[in-house]
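Quick notes on the structure that follows.
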Protein chains: 2
Amino acid sequence: MEKEEELLKSHITKHHLKATKERSAILKAFLDSERHVSAEALYRQMKDEGSTIGLATVYRTLNLFCSSGLAEQRRFGDGQARYELTYNVDHHDHLICKECDLIIEFENDEIEALQKKVAKENNFKVSSHRLELYGVCSECLKEKST
Amino acid sequence: MEKEEELLKSHITKHHLKATKERSAILKAFLDSERHVSAEALYRQMKDEGSTIGLATVYRTLNLFCSSGLAEQRRFGDGQARYELTYNVDHHDHLICKECDLIIEFENDEIEALQKKVAKENNFKVSSHRLELYGVCSECLKEKST
DNA sequence: TCTTACTTGAGAAGTATTATCAAAATCAGT
DNA sequence: ACTGATTTTGATAATACTTCTCAAGTAAGA
Ligand SMILES: [Mn+2]
Ligand SMILES: [Mn+2]
Ligand SMILES: [Zn+2]
Ligand SMILES: [Zn+2]
């Protein structure tokens, strides 16, 4: 059993929830999907492969993944939430291309440290943060110049 | 005429729009409102003072303020958009208390510079960014410890 | 003053997500 | 394996926020 399955299983047991084939199937599809997938996209992808699982269950299960520490929800400003696997994945922030929706992940320890400093200066206890840089990626810049 | 009125007026003229009493009233109310006000809150505030302007017009006009460079829209994750005056206001980011909705603004040039560096390393042309630190403010921390 | 184009308020519509509920599935204890 | 309590599911209703529609009203400028 993969480590993600184990984590989900332990969360399910601890909270007196139930292991279902729908949850397994959604987890498998989620692990196979591209990073930053939306509920709708995951639902559609599964449906195209024959799944009959409902959209509501996909939403419910992605929320369950978030509660269990497997995934995190992101909102990049286009209305729909995206979910990404964050279990055993280092913290990172995002560069988002507004032309082609490319998302580049980056880590910058200096920025992280400065954020902590800002929080401290304001006597703020930070529990989460979001840093997103919006613009145009190198590929789209190339296309634009032609 | 205040500088904000002038900016709006020039945008209106340039785009063959029309100066209306509704737009003036909403601008005045917006300038008097607290920073990071939502459309609904501004609408309610005006209504309480006798205005009969509709909610749709408040939304339309706040969007107009954004197009004209007077204001910017913010989304702090609680579903509703907020608008803040940014004309003649230096760029800044936000600390958001999840307990009491307090919003603290901060500027950090080192972080800004590092963001530019990250963008450059990825051949990305950044047009905007958002940095938000979520957590608990000092006041709420005090209350929690009692 | 006329004419044209823009704006308005009210409510309908749209979008993303969550809530409801009856039927089905899972699980713990026998 | 059987049973009964509890959870989960799919379909769809409901919700929340925002934009759209449209007929009536208003501003701009010749
Ligand atoms: Mn990511
Ligand atoms: Mn601000
Ligand atoms: Zn791109
Ligand atoms: Zn607080």
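Reminder, nothing fancy here: chain letters follow the sequence lines and each chain counts from 1.
Note: B/Arg60 CZ to B/Ile26 CD1 = 9.0 Å, rounded to the nearest 0.5 Å.
A salt bridge between A/Lys144 and A/Glu99 is present, with a side-chain N of the basic residue lying under 4.0 Å from a carboxylate O of the acidic one. A salt bridge between A/Glu49 and A/Lys47 is absent, with no side-chain N of the basic residue lying under 4.0 Å from a carboxylate O of the acidic one.
Separating the NE2 atom of B/His15 from the C1' atom of C/dT7 is a distance of 17 Å, rounded to the nearest angstrom. With rounding to whole Å, B/Leu62 atom CG is found 15 Å from D/dC17 atom P. Going from atom CG of B/Asp78 over to atom P of D/dA16 covers 14 Å, rounded to whole Å. As rounded to whole Å, 9 Å separates atom P of D/dG10 from atom OH of A/Tyr43. Between the CG atom of B/Leu8 and the P atom of C/dT7 there is a distance of 11 Å, rounded to whole Å.
The bend of the helix from C/dT1-D/dA30 to C/dT30-D/dA1, defined by the angle between the axes of its first five and last five pairs, stands at 30° to the nearest 10°.
In this structure, B/Tyr83 is a member of the same hydrophobic cluster as B/Tyr87, with clusters built from ILVMFWY side-chain heavy atoms closer than 4.5 Å.
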Sequence-aligned protein contact record of nucleotides 18-30 of chain D, with B where the base is within under 4.0 Å of a protein heavy atom and S where only the sugar-phosphate is: SBBB-----BS--
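A side-chain N or O of B/Glu84 and one of B/His94 form a donor-acceptor pair less than 3.5 Å apart.
A/Asn122 contributes no side-chain N or O that, together with a main-chain N or O of A/Phe124, makes up a donor-acceptor pair within less than 3.5 Å. Within the 3.5 Å criterion, the main-chain N or O of B/Arg23 finds a donor-acceptor partner in the side chain of B/Thr20.
Ring orientation note: the planes of B/His36 and B/His92 are nearly perpendicular, at an angle over 60° on the 30°/60° scale.
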